[in-house]
Novice: 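Take this structure, written in structure tokens, and hold onto it; I'll ask about it next.
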Amino acid sequence: MNMKNPLLTLLGVFLIPTMLPAANVLVTWSGGGSGSYSWASDANWSSSAPSWHYPDNDANDIYFAQINDSNGARVVDTGAAITIRGFSFVQSSATGSMLLNLGGNFTATGSATSGIPETGFVNSTGDASRMVIDLHGYDLNVDLPEARINLTAASNYTVRSTSDAGGTYRVARISTSATNVHIENNVSLKITGGGQHAFAASVEWSAGSTLLYAPTSANGLGSGGTIDLGNIIIGDAASTQATAAVLRNNNFRVRGDFTVASHVGGAVSSFTMDSVNRNIYVGGNFTDTGTSGDYGGGTIHFNGGAGSERLVEIARAGLSTHFRVGETAAGNIRLARDLATTGGFTVLQGSRVNVDGHQLKAGNMVVESGASLKLTFGAESGSFVSTGNLSLNSFALELEYDGSEWVDGSNLTLFTYQGTFAGVPALASVSGTGFSYGALVHDDVNKLVYLSNVHVVPEPGAVALWGAAATGAVLLRRRLW
């Protein structure tokens, strides 16, 4: 027979054997509505059960904390790590606000017991600045089953971090029924749940925020409209489990970096664009070290501006994706390795592509007038290879000699193509030092565009360059097809 402790009975807590599930206990805020308060003070809560607010033992996660409306500016400091069953933070007064400052990781473990409110932020003022969680470099873990999340009312709140360490807001999902959710700079929103994740209109992302998309089962992200992210990471690099994401929005915009995670143990996550999503816009670096798997037939646009170079590292073979540098804003990219696709590749006017010493291979290739190209030449030179048609007019060219073997006076192939040629190729400008050349030549018989008679000029005191007379062989090694 279970015995009841009279004091705990008054508080609504019953002693039960440890082998049975612990009951939920609703604890409500009794502290003030304006000013700064400590979560750790029993005087601020309806229950004074010993240290219920800290995870000293597993029993502490039976508590559900509810902080109701404030007419003034209320600040609650947790002071340390918190593990509880769930929470409900409520703000309905347009003259008040709620700020929760984390002093450690804050974790809600969830519950299926009835009679306890669903976990979430309930702000009916419509002003996200009146419900703020400051991570201070810690994590807010609320990846609960959907049945325990207040999806309808979980709107109008802000997650920020005033610490350079940032912090992670971890959830199973965010629904389209939630609106006006702000994820500020330095904050990562980590999604772990499976199924369709559609929040095109629900979340406003600061440029320095990150979506860490790491579902543990089949998933899709977006369902129409435009998603406008800061940064995105597909997959959790700290996990051995890779994520296979399906990106579903027609306009999927990433102002910062787009990263496909490499995982512990060597696995690499992946993504595809379905029949709805045909456009991904990337303003920062693009990194994907996976070696196989197609993104789909949509288009990836690099449009981070004409300023500093954005690094593009795509290792996958078998791509049919189209790429455009520019679109809505200029692009400026540099390849970190060879890039190959059967889709098209277009460099728009005012945009720039630096292949460095790598090969850029695509189906149809277009270089608009006013575009800029850069490559490094030497024993292994950069090149543009079209397995389809090539359209080329006036472009700016930057060259950099890497100091390796070069047959002095030989031709430097810039483009090869297999289909038809359109345009009148011309050099708007040529920049770089340590070389000279004869002319830009279009050879439609051999389907080449090259610089003729390229000579390198050694730096004072440099070792003499390799030449045909010294080697008896042509030393320019190129991959043309």
Side-chain angles (χ1 to χ4, degrees), residues 221-222 226-227 229 232 234 245-255 257-260 270-288 290-304 310-355 358-373 383-393 395 415-423 481:
L221 178 61
T226 297
I227 289 181
L229 301 174
I232 186 172
I234 296 176
V246 180
L247 305 184
R248 301 187 185 280
N249 277 60
N250 185 51
N251 291 301
F252 198 99
R253 301 180 186 275
V254 180
R255 286 166 285 171
D257 295 340
F258 191 116
T259 304
V260 181
S270 62
F271 75 91
T272 56
M273 294 180 279
D274 72 358
S275 59
V276 175
N277 176 26
R278 314 313 296 162
N279 294 285
I280 296 175
Y281 298 84
V282 181
N285 301 322
F286 191 107
T287 305
D288 180 9
T291 56
S292 64
D294 192 8
Y295 299 151
T299 303
I300 296 177
H301 308 257
F302 300 108
N303 63 345
R310 273 67 169 181
L311 193 66
V312 174
E313 181 177 10
I314 300 175
R316 294 187 186 269
L319 291 180
S320 64
T321 308
H322 304 286
F323 294 90
R324 290 171 70 86
V325 184
E327 203 78 60
T328 71
N332 182 5
I333 67 169
R334 176 170 64 88
L335 298 189
R337 63 196 309 156
D338 292 351
L339 172 60
T341 181
T342 59
F345 195 100
T346 301
V347 189
L348 279 74
Q349 181 180 14
S351 293
R352 177 178 179 271
V353 173
N354 177 6
V355 297
H358 306 295
Q359 182 189 85
L360 195 164
K361 185 177 183 180
N364 294 330
M365 189 172 290
V366 176
V367 179
E368 292 189 351
S369 294
S372 298
L373 306 177
S383 64
F384 297 83
V385 175
S386 170
T387 58
N389 304 323
L390 174 63
S391 175
L392 179 66
N393 285 286
F395 64 99
F415 292 90
T416 65
Y417 59 98
Q418 296 181 8
T420 61
F421 184 90
W481 311 106

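Excluded from the calculations below are hydrogen atoms, water molecules and symmetry mates; all remaining heavy atoms, backbone and side chain alike, are included.
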Novice: My understanding is that only residues two or more places apart in sequence, or in another chain, count here; which of them pass side chain to side chain contact (heavy atoms under 4.5 Å, CB included) with Ser320?
Specialist: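 Per chain and number, Ser320 pairs via side chain to side chain contact (heavy atoms under 4.5 Å, CB included) with Asp294, Thr342.
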
Novice: Taking the side chain from Thr341 and the backbone from Leu319, do they hold a donor-acceptor pair closer than 3.5 Å?
Specialist: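 Yes, Thr341 side chain to Leu319 backbone: donor-acceptor pair under 3.5 Å.
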
Novice: State whether the side chain of Thr416 and the backbone N or O of Val385 hold a donor-acceptor pair below 3.5 Å, judged by distance alone.
Specialist: no

Novice: His301 versus Asn279: any side-chain heavy-atom pair under 4.5 Å?
Specialist: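 Yes - at least one pair of side-chain heavy atoms lies under 4.5 Å apart.
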
Novice: Rounded to the nearest 0.5 Å, what separates atom OG in Ser386 from atom CZ in Phe421?
Specialist: 10.5 Å

Novice: Quick one: list whatever passes side chain to side chain contact (heavy atoms under 4.5 Å, CB included) with Ala315, sequence neighbours left out.
Specialist: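 By the side chain to side chain contact (heavy atoms under 4.5 Å, CB included) rule, Ala315 matches Arg337.
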
Novice: At their closest point, which heavy atom of Ala330 faces which heavy atom of Gly350, and how far apart are they?
Specialist: CB-O, 3.7 Å

Novice: Using the salt bridge (Lys or Arg N to Asp or Glu O under 4.0 Å) criterion, which residues pair with Arg310? Sequence neighbours excluded.
Specialist: none

Novice: How about Phe384 and Leu390: do any of their side-chain heavy atoms sit closer than 4.5 Å?
Specialist: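 No - every pair of side-chain heavy atoms lies 4.5 Å or more apart.
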
Novice: So does Thr420 get a backbone contact from the side chain of Asn389, meaning a donor-acceptor N/O pair under 3.5 Å?
Specialist: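 The answer is yes, because a donor-acceptor pair under 3.5 Å joins these two groups.
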
Novice: If you round to the nearest 0.5 Å, how far is OH of Tyr295 from OG of Ser270?
Specialist: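 It is 9.5 Å, given to the nearest 0.5 Å.
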
Novice: Kindly indicate whether the side chain of Phe302, heavy atoms from C-beta on, has any atom under 4.5 Å from the side chain of Val282.
Specialist: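 Contact flag for Phe302/Val282 side chains = yes.
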
Novice: Please name all residues satisfying side chain to side chain donor-acceptor pair (under 3.5 Å) with Asn354, sequence neighbours left out, ordered by chain then number.
Specialist: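 With neighbours one apart ignored, the set is Glu309.
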
Novice: Without swapping roles, check the side chain of Asp257 against the backbone of Asn285 for a donor-acceptor pair under 3.5 Å.
Specialist: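 Yes, the answer is positive, given that a donor and an acceptor are paired below the 3.5 Å cut-off.
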
Novice: When you look at Met365 and Leu360, which way does the side chain to side chain contact (heavy atoms under 4.5 Å, CB included) test go after all the steps?
Specialist: CA-CA 10 Å; Met365 189 172 290; Leu360 195 164; 3.8 Å; yes

Novice: Please enumerate all residues that pass side chain to side chain donor-acceptor pair (under 3.5 Å) together with Asn332, with sequence neighbours excluded.
Specialist: Arg352

Novice: Determine whether the aromatic ring centres of Phe252 and Tyr281 lie less than 6.0 Å apart.
Specialist: no

Novice: For Thr346, what residues pass the side chain to side chain contact (heavy atoms under 4.5 Å, CB included) criterion, not counting sequence neighbours?
Specialist: Arg324, Leu348, Val366

Novice: Short question: side chain of Thr321, backbone of Gly296 - any donor-acceptor pair under 3.5 Å?
Specialist: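 Here the side-chain-to-backbone pair exists.
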
Novice: List the residues meeting ring pair (Phe, Tyr, Trp, His ring centres under 6.0 Å) with Phe323, not counting sequence neighbours, and say none if there are none.
Specialist: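 Per chain and number, Phe323 pairs via ring pair (Phe, Tyr, Trp, His ring centres under 6.0 Å) with no residue.
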
Novice: Measure the CD-CG distance between Glu313 and Leu339 for me, rounded to the nearest 0.5 Å.
Specialist: 11.0 Å

Novice: Are Asn303 and Thr328 linked by a side-chain donor-acceptor pair shorter than 3.5 Å?
Specialist: yes

Novice: Counting C-beta onward and ignoring hydrogens, is there a side-chain heavy-atom pair between Val246 and Phe271 closer than 4.5 Å?
Specialist: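 When only atoms from C-beta onward are counted, Phe271 and Val246 do not touch, as no gap falls below 4.5 Å.
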
Novice: By salt bridge (Lys or Arg N to Asp or Glu O under 4.0 Å), which residues pair with Arg316, not counting sequence neighbours?
Specialist: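 Once residues adjacent in sequence are excluded, the partners of Arg316 under the salt bridge (Lys or Arg N to Asp or Glu O under 4.0 Å) criterion are Asp288.
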
Novice: Quick one: ring pair (Phe, Tyr, Trp, His ring centres under 6.0 Å) partners of Phe286, sequence neighbours excluded?
Specialist: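 Residues passing ring pair (Phe, Tyr, Trp, His ring centres under 6.0 Å) with Phe286: Phe258.
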
Novice: Measuring from Ile234:CD1 to Ile232:CD1, what's the distance to the nearest 0.5 Å?
Specialist: 4.5 Å

Novice: Are Leu247 and Ile280 side-chain neighbours, meaning at least one heavy-atom pair lies under 4.5 Å?
Specialist: yes

Novice: Using 0.5 Å steps for rounding, measure from the CD atom of Glu327 to the CD1 atom of Ile300.
Specialist: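 Reported to 0.5 Å precision, the distance equals 13.5 Å.
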
Novice: So which atom in Phe395 and which in Leu392 form the shortest heavy-atom distance, rounded to 0.1 Å?
Specialist: CD2-CD1, 3.5 Å

Novice: Hey, does Thr387 have a side-chain heavy atom less than 4.5 Å from the side chain of Lys361?
Specialist: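 Lys361 reaches Thr387 side chain to side chain.
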
Novice: Do side-chain atoms of Asp338 reach the backbone of Gln359 as a donor and acceptor pair under 3.5 angstrom?
Specialist: yes

Novice: Excluding sequence neighbours, so at least two apart, what forms side chain to side chain donor-acceptor pair (under 3.5 Å) with Ser292?
Specialist: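 So Ser292 forms no side chain to side chain donor-acceptor pair (under 3.5 Å) with any residue.
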
Novice: Please identify each residue that fulfils ring pair (Phe, Tyr, Trp, His ring centres under 6.0 Å) with Phe345, with sequence neighbours left out.
Specialist: none

Novice: Any side-chain to backbone donor/acceptor pair from Thr287 onto Thr259? Under 3.5 Å, distance only.
Specialist: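 Flag not set: sc Thr287 to bb Thr259 has no pair under 3.5 Å.
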
Novice: Got a sec, which residues hit side chain to side chain contact (heavy atoms under 4.5 Å, CB included) with Gln349, two or more places apart in sequence or on another chain?
Specialist: Glu368

